[in-house]
Enquirer: 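Right, I'll just put the structure down here and ask away after.
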Protein chains: 2
Amino acid sequence: MSLTKPATLSDVALLAGVSESAVSRTYTPGASVAPATRERVLQAAAQLGYRPNAIARTLTTRRSRMIGVVVSYLQNQFYPVVIEKLSQALQHHGYHVLLFVSDGHETGATVDDQLMDVMQYQVDGLVLASVTLSSAIAKGCRAAGVPVVLFNRTAPIDGVHSVASDNHAGGCLAAQALLQAGCSRIAYLAGLEDASTQIEREQGFNHALREAQVDVFARTVGHYSYERACEATRQLFSRAIIPDGIFAANDHMALAVMDTLRSELGLKVPQDVSVVGFDNVPQSAWLAYGLTTIEQDAQAMVNATVEVLIEAIESDSRSDSFEAREVITPVRLIRRSTVTG
Amino acid sequence: MSLTKPATLSDVALLAGVSESAVSRTYTPGASVAPATRERVLQAAAQLGYRPNAIARTLTTRRSRMIGVVVSYLQNQFYPVVIEKLSQALQHHGYHVLLFVSDGHETGATVDDQLMDVMQYQVDGLVLASVTLSSAIAKGCRAAGVPVVLFNRTAPIDGVHSVASDNHAGGCLAAQALLQAGCSRIAYLAGLEDASTQIEREQGFNHALREAQVDVFARTVGHYSYERACEATRQLFSRAIIPDGIFAANDHMALAVMDTLRSELGLKVPQDVSVVGFDNVPQSAWLAYGLTTIEQDAQAMVNATVEVLIEAIESDSRSDSFEAREVITPVRLIRRSTVTG
């Protein structure tokens, strides 16, 4: 970077032959400025190497306009979709995403070290997607007045907001779809055992089966991984009596189930086995799959996350009146072609 | 955020009963500090709401340790993979990603407005993935001493670095694979017409066909979109004489071609039609596809990007000695099961 004295707003105004307010408006998202003026300002700024300094502004406003987003598990297309929607929603509100990609997903490890790192950037808020948070760090964030929103996860931690789908209802819908299709040997493919999504989806699924007085035929674990879901499917279907219906705790695993059944085991979906997933990722609608699944409304989840964050940032999240918000967004069954009838 | 006076490093040292240097080491990535000490510091910091201030540091060091990353087209799994690797590589070097998701991909629009926005954050460098850059903004970045690396794109713009695969060689390999399989009616499915990846891959493809004295049987355009690639495939294969081989300019479209051929048109891959893609995204290896494709080495591209960035940040990219670097990473054919023979 330059070691010379940086150009100021007035330098730019002088060179461009416009008012300082015109320069300032040029760099204010949404502010009105004549195209010709804007062009002259940009030319002058380029010539002088001028950069309006959002960071210096931070120190006066005590706001960085940055939201730390910690995410893992980008192999699951649900998260790239979320990052895109979240980033655009925050940009729309004048905030930007400081992104941290954690590999803590498979291990289920917490992201404390990364979070300490995030905190150094004076982020105005934190969104944690598909990662685990320790209550120690949560306490630190709250003490620092940095609101935290768990996305697609819930946790019994004081002062942490959460936005998640109605996973219990989704699990019920999945079980009902398989029951209505006449499946009698219904299996469950679990995700990461300690993830709230996994736990709640399975509880809903079991609840609906109990109500129908049907036992779970088999339970196996795919850890939300494509490869491990393929392996779990091989074992499950190597038995003498195989399931005629299976609910996978997310689409990423459901696609692995379909691939294994059709490409390796020569079984037809849904004629031999009905399959239901969870998420409604773009690939579920691909012609090769046409997966029947439980849709999570990513846009509604993102909108709720942004609303909770901004409300918390603009209040003092350490005041005694502070209450963590828990938003649950509705889910619905998307009927495609992997369930009979 | 807090309106009270923020706690200082000495406050934390005092409460924790440790030296200030111990506190500072606790917050220095890679610095050595006894676990017990670290624990006491974190407890005290949580209690006081202490946050080491990386941004104040920025103003003294003139470094934000932030790299602006502008990306679009996250539907193509290649980019989530790249974001994950890039974010982790930069974190490893003590930099973080300020993420901007652009929807400029489909339109091919430039991201000038977003870039002006990025620049306000005093980023130390910029990485642009699958987006277009105007030379006006490029000039502005250079004047401001902010190195820019185009990722997976090349552009004839002064002072802009680029890291891309050997797309021309990749196009040749794709054509040769189809020729060796005995295909005689070879079609090409183009991506976005103005993207350097599309242009170079097609040039290499045509070059290899010319050398074999084979004409391109048909050319159609999928704009790097799944839906548009499905539509292009329907039209291409509705003719009286259909191709027996097709090269899609990326995997995302190649998977759409396979889905359309098999699920809609009842054609077998590779028995009826051989298919070659480009990228080697994770889905290409999925059992449902087993796509033969040209691998882009995402890790090598990311490593080169980080190396070029850091070298440029640590030099003065405005000095007359400055020369933009153009890194080309090698590609290779990954043989799976979508090409006969």
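From a predicted model like this one, the values you see are computed outputs, not experimental measurements. Here is the naming used below: chain letters follow the sequence lines, and residue numbers restart at 1 for every chain.
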Enquirer: For the ring pair B:Y224 and B:H252, is the centre-to-centre distance below 6.0 Å?
Expert: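 Centroid distance B:Y224-B:H252: not below 6.0 Å, so no.
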Enquirer: So which of B:Q77, B:Q283, B:R262 has the biggest tally of heavy-atom pairs under 4.5 Å with chain A?
Expert: B:Q77
Enquirer: Contact part of A:L255 toward chain B, heavy-atom cut-off under 4.5 Å: side chain, backbone, both or neither?
Expert: side chain
Enquirer: Could you tell me if B:D259 and B:Y289 have a donor-acceptor pair between their side chains, going purely by distance under 3.5 Å?
Expert: yes
Enquirer: Hey, does A:D124 have a side-chain heavy atom less than 4.5 Å from the side chain of A:V146?
Expert: no
Enquirer: With a 4.5 angstrom heavy-atom cut-off, is it the side chain or the backbone of A:F100 that approaches chain B, or both, or neither?
Expert: both
Enquirer: With a 4.5 Å cut-off on heavy-atom pairs, point out which of B:M258, B:E264, B:Q47, B:Q88 contacts chain A the most.
Expert: B:Q88
Enquirer: Salt bridge between A:E231 and A:R228, side-chain N to carboxylate O under 4.0 Å?
Expert: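 Between A:R228 and A:E231 there is no salt bridge, as every charged N stays at least 4.0 Å from the carboxylate O atoms.
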Enquirer: Measure A:E227 against the heavy atoms of chain B and call it side chain, backbone, both or neither at under 4.5 Å.
Expert: neither
Enquirer: Is it the backbone or the side chain of A:L42 that comes under 4.5 Å from a heavy atom of chain B, or both, or neither?
Expert: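 For A:L42, the side chain is the part near chain B, not the backbone.
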Enquirer: Name the member of A:V71, A:V97, A:I83 that forms the most heavy-atom pairs with chain B at distances under 4.5 Å.
Expert: A:V97
Enquirer: Using modelled atom types and a 3.5 Å cut-off, is there a donor and acceptor pairing between side-chain atoms of A:R65 and backbone atoms of A:H93?
Expert: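 Yes; judged by distance alone, with no hydrogens or angles, the pair exists.
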Enquirer: Using heavy-atom distances under 4.5 Å, tell me whether A:P80 contacts chain B through its side chain, its backbone, both, or neither.
Expert: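 Both backbone and side chain.
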Enquirer: Is there a donor-acceptor contact under 3.5 Å linking the side chains of B:E311 and B:S315?
Expert: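 Looking only at side-chain atoms, B:S315 and B:E311 do not form any donor-acceptor pair under 3.5 Å.
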